[in-house]
Amino acid sequence: MTKYRLAADIGGTFTDVVLFDKETGEYKNEKVPTTNENLSEGVLSGIGRMVQDFNDVDFFVHGTTVGLNAFLERKGSKIALIVTSGFKDLYEIGRANRSEIYNIQYRQPEPLIKRRDVYEVDERVLVDGHVDTPINSESLDKVIDEISNGDYDSVSVCLLHSYKNPEHEKRIKQKINKSLPRMSVSLSHDVVREWREYERTSTTAINAYIAPIVEDYLLKFEDEIDNRGLNRDLYIMQSNGGVMTSEIAKSKPIQTLLSGPVGGTMGSLTLGQQTKQENLICVDMGGTSFDVSMVINEEPDVTSEANIEKFPILSPMVNMHTIGSGGGSIAWIEGGGLRVGPHSAGANPGPACYGNGGTKATVTDANLVLGRIDAEGFLGGKMRLDWKAAYNAIENLAEKLGLTVVETAEGICDIANAKMADAIRTLTVSKGIDPRDFSLVAFGGAGPMHSMLIADHLDINRILIPTAAGTFSAWGMLQTDIRHDDVRNYVSLLENTDYEKIINLYTTMEEEAEEILKQQNIGKKDIYFNRLVDLRYVGQEYTVTVPLKEGNINSKAIDNLKTRFHESHLDIYGHNNPDGAVEVVNLRIVSIGKLENKETMPSTEESVGTPEPIRRKPVIWNTKEIETPVYSTSDLSFGHIINGPTIIESSTSTIVVPDKFLVKVDNVGNLEVLRRNINE
């Protein structure tokens with residue numbers, strides 16, 4: 001009988017593994033160094049510490065950044081692009097707009113595909129889907145011959161208006177599969193079925209760029225776990241907040257770009273439901289990066305269009321802002337001033353205190369020197385840190401700056417905190433959202449260490465620290481369901497919509513989605529659909545996505561849709577035009593396949609009294625050394641209250657509590673942190 005549910009999240013420095021024991025209802029966590037030379041080794045090492053027999057595993061979900069890393073580091077596959085004749089330069093021209101209009105050094109990103117690798121095929125589909133020029137077989141055969149001699153790993157196909165009629169793209173893939181059976185092929189209508197030729201081409205090109213790498217990684221990883229006895233589907237975390245089987249992930253690798261960080265957002269959604277907090281700012285600080293996302297009105301903030309490295313991507317994904325600020329971020333000097341990040345010491349050699357030969361000072365080294373983390377108790381005592389190496393690394397910077405070691409260490413932390421607060425402002429204040437109206441959820445190995453100091457910058461009064469904060473993204477993956485998104489272009493004035501046509505388009509999408517979910521072992525009774533509509537005022541370029549809540553599509557449903565659009569436009573942009581004409585652009589569905597999710601049972605007995613610290617030690621607070629109590633999360637239970645300044649240690653993270661904060665333990669073991677100057 002199977003008894004375990006597993007999740008694994010590969011980070012830049014550590015790999016996190018979470019196990020749920022269905023028999024006992026308990027979660028177990030492991031944090032092991034990431035093995036960059038072979039990422040699966042770290043995952044299997046973490047699993048091996050908790051699972052003796054892989055046959056006992058019922059469900060395994062994996063968050064991987066293999067595709068994202070290949071994209072960011074420009075180490076993807078060599079790809080060819082096939083376009084409609086006459087549109088060879090579409091991808092290179094892109095858009096004429098500048099995303100940073102006041103940056104005189106702004107440069108457009110270098111395209112992933114050189115012009116010489118773009119091939120034209122004689123064919124033409126009109127905007128309404130009708131074929132104007134049938135595909136020319138001789139033209140296609142010539143292109144395939146050139147591709148076969150071009151040493152390509154992958155082909156991206158993006159024909160004009162294929163979102164309306166994809167038959168020509170399908171024919172091209174059939175021909176390529178016949179002539180080049182090992183070639184990876186990405187079709188634009190499979191990847192993203194909506195208009196805007198450049199954005200659709202960019203999205204398909206990125207999919208093709210990472211496809212062979214993601215597929216190769218997943219095939220090897222599947223072989224590894226199969227050899228160990230796990231003969232069940234491997235699930236992959238998606239950027240949209242759901243999961244999918246690895247078979248689906250191989251065909252749509254672009255949905256794995258934010259695979260790891262999104263687990264934390266979905267975990268925060270569950271945490272918000274447990275604590276009755278509807279609006280959350282989710283911050284994940286690991287060894288390499290700091291990721292910010294949001295939960296708004298009990299829903300993850302998902303966008304249908306994103307930009308990564310200045311490339312547009314038309315694919316639903318959790319709206320996330322990432323900066324290079326983590327525990328491994330390197331401190332350095334430029335122009336006589338102290339800088340922190342974005343470069344990271346990574347997993348190897350890592351911070352100087354790891355003892356692997358690193359000599360550059362990092363945020364983790366600064367926290368160790370300040371006494372905020374413990375050389376002996378790091379990761380529950382599983383990893384010993386070299387305090388002297390950390391001190392020497394920071395001393396080297398201090399001498400150049402003319403500061404003391406303590407001043408330099410505090411300066412490193414202060415700069416990192418300010419940068420992370422700015423990252424939160426980018427996702428909130430710059431969009432008219434007041435962060436003071438939100439609770440801050442802090443996780444990742446270093447998140448709880450800096451969360452209260454970041455909250456101070458933003459005047460946020462409530463911070464939530466999950467029970468297993470250090471492995472929270474992996475825990476969040478176990479709280480998700482299978483998700484599939486689809487879209488169809490339909491342009492019409494809202495008041496002139498053809499109800500029957502809309503119903504047919506939604507029905508077609510739902511039938512296709514149901515087949516995809518059935519391939520992932522989801523029964524019909526566990527499938528749910530959410531219908532959405534992209535709307536805009538006539539004359540606008542971009543849209544607002546609004547839920548279509550009514551089951552029947554009629555005049556009343558359309559009126560309600562218009563009302564919701566006006567309200568959403570006001571919320572997002574601060575203005576609306578209730579008398580303006582509204583236009584439909586796209587119809588969307590979100591299909592959910594429910595998976596088995598186990599809730600943590602709340603405690604009913606509230607503890608009395610004050611817990612005893614496991615030790616006391618000197619810690620630097622605002623340049624002053626104070627004898628500070630240190631607690632272990634294993635000794636804390638529902639009802640316990642602790643006043644700062646204090647340090648709380650767990651097996652996966654360290655929680656730093658300054659003097660103006662008060663910590664409460666809730667009935668499922670999470671820590672609720674409040675600033676003392678607010679009314680409780």
Side-chain angles (χ1 to χ4, degrees), residues 163-164 193-196 240-242 269 272-273 276 278-280 294-305 314 316-319 431-433 437 481 483-514 517 526-594:
Y163 57 89
K164 275 289 187 181
R193 197 159 178 172
E194 55 184 295
W195 69 3
R196 292 204 184 112
N240 60 18
L269 178 64
Q273 292 166 349
K276 295 181 172 54
E278 296 181 353
N279 297 307
L280 306 169
M294 290 191 296
V295 172
I296 302 174
N297 296 327
E298 295 188 272
E299 292 289 341
D301 180 24
V302 176
T303 179
S304 58
E305 182 174 356
L314 291 180
M317 55 181 63
V318 170
N319 199 7
K431 297 181 180 180
I433 296 171
D437 296 334
D481 297 306
R483 172 169 168 158
H484 174 76
D485 291 81
D486 206 351
V487 59
R488 292 291 186 275
N489 184 243
Y490 174 81
V491 181
S492 168
L493 282 172
L494 188 57
E495 60 194 31
N496 295 338
T497 50
D498 184 332
Y499 301 160
E500 185 175 345
K501 192 167 186 178
I502 289 179
I503 291 170
N504 288 338
L505 286 170
Y506 274 124
T507 301
T508 300
M509 285 191 286
E510 288 169 359
E511 288 173 350
E512 292 177 1
E514 190 172 312
L517 292 176
D526 293 322
I527 296 175
Y528 303 89
F529 300 108
N530 294 321
R531 295 177 173 182
L532 306 107
V533 187
D534 288 353
L535 300 171
R536 66 185 180 187
Y537 291 117
V538 173
Q540 283 187 327
E541 172 66 13
Y542 292 97
T543 62
V544 174
T545 302
V546 180
L548 180 64
K549 298 179 180 179
E550 293 75 15
N552 295 321
I553 298 176
N554 49 36
S555 59
K556 183 179 180 180
I558 296 299
D559 288 342
N560 291 340
L561 196 62
K562 183 185 289 188
T563 299
R564 284 194 287 273
F565 168 70
H566 292 313
E567 292 172 349
S568 296
H569 199 283
L570 180 63
D571 288 342
I572 296 169
Y573 300 109
H575 65 89
N576 64 4
N577 181 13
D579 297 324
V582 179
E583 188 175 39
V584 181
V585 177
N586 293 310
L587 307 177
R588 298 182 183 275
I589 63 161
V590 176
S591 309
I592 302 296
K594 295 295 291 182

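For clarity, every value in this text was computed on a predicted model and none was experimentally measured.
A pairwise comparison of heavy atoms in Val544 and His569 identifies CG2-CD2, 4.2 Å as the closest pair. Listed here is the closest heavy atom pair of Ser304 and Thr545: OG-OG1, 4.4 Å. Contact record, Asn577 with Tyr537: N-OH, 2.9 Å, taken as the closest heavy-atom pair. Shown here for Gly593 and Asp481, the closest heavy-atom pair between the two residues is O-CB, 3.3 Å. Looking at every heavy atom in both residues, Asn240 comes nearest to Gly242 through OD1-N, 2.9 Å. Residues Ile589 and Ala513 share a closest heavy-atom pair of CD1-CB, 4.0 Å.
No donor-acceptor pair closer than 3.5 Å links the side chain of Asp485 to the backbone N or O of Val590. His575 contributes no side-chain N or O that, together with a main-chain N or O of Leu570, makes up a donor-acceptor pair within less than 3.5 Å. Judged purely by atom type and a 3.5 angstrom limit, Thr303 uses its side chain to pair as donor or acceptor with the backbone of Glu305. A distance-only check finds no donor-acceptor pair linking the side chain of Tyr163 to the backbone of Asn489 [under 3.5 Å]. Looking only at distances, no side-chain donor or acceptor of Ser568 sits under 3.5 Å from a matching main-chain atom of Phe565.
Residues Asn279 and Asn297 are in side-chain contact: their nearest non-hydrogen atoms beyond the backbone lie under 4.5 Å apart. Residues Val533 and Tyr490 have side chains not in contact (no heavy-atom distance under 4.5 Å, counting atoms from C-beta outward).
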#### Entry: Test side chain to side chain contact (heavy atoms under 4.5 Å, CB included) applied to His566 and Val582, step by step
CA-CA 9 Å; His566 292 313; Val582 179; 3.9 Å; yes

### Message
For Arg483 and Ile592: C-alpha separation, side-chain torsions, deciding distance, then whether side chain to side chain contact (heavy atoms under 4.5 Å, CB included) applies.
### Response
CA-CA 5 Å; Arg483 172 169 168 158; Ile592 302 296; 4.1 Å; yes

### Task
Apply side chain to side chain contact (heavy atoms under 4.5 Å, CB included) to the pair Val491 and Trp195, showing each step before the final yes or no.
CA-CA 10 Å; Val491 181; Trp195 69 3; 3.5 Å; yes

### Query
Between Glu583 and Gln540, does a side chain to side chain contact (heavy atoms under 4.5 Å, CB included) hold up when you go through it step by step?
CA-CA 9 Å; Glu583 188 175 39; Gln540 283 187 327; over 6 Å; no

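From Leu505, atom CG reaches atom CG of Asp486 across 10.5 Å, with rounding to the nearest 0.5 Å. Expressed to the nearest 0.5 Å, how far OH of Tyr506 lies from CZ of Arg588 amounts to 10.0 Å. The line from CD of Glu194 to CG of Asn586 is 5.0 Å long, rounded to the nearest 0.5 Å. A distance of 11.0 Å separates CG in Leu587 from CD1 in Ile503, rounded to the nearest 0.5 Å. The CZ atom of Arg531 sits 7.0 Å away from the CG atom of Leu548 when rounded to the nearest 0.5 Å. Annotation: the span from Glu567 atom CD to Ile572 atom CD1 amounts to 12.0 Å, rounded to 0.5 Å.
Using a 4.0 Å cut-off between a side-chain N of Lys or Arg and a carboxylate O of Asp or Glu, Asp534 and Arg536 do not qualify as a salt bridge. Between Arg488 and Glu512, at least one side-chain N (NZ, or NE/NH1/NH2) sits under 4.0 Å from a carboxylate O, which counts as a salt bridge.
In summary, the aromatic rings of His484 and Phe529 are positioned with their centroids too far apart to meet the 6.0 Å limit.
Residue-environment remark: CG (Asn496) exceeds the threshold of 12 foreign heavy atoms within 6.0 Å.
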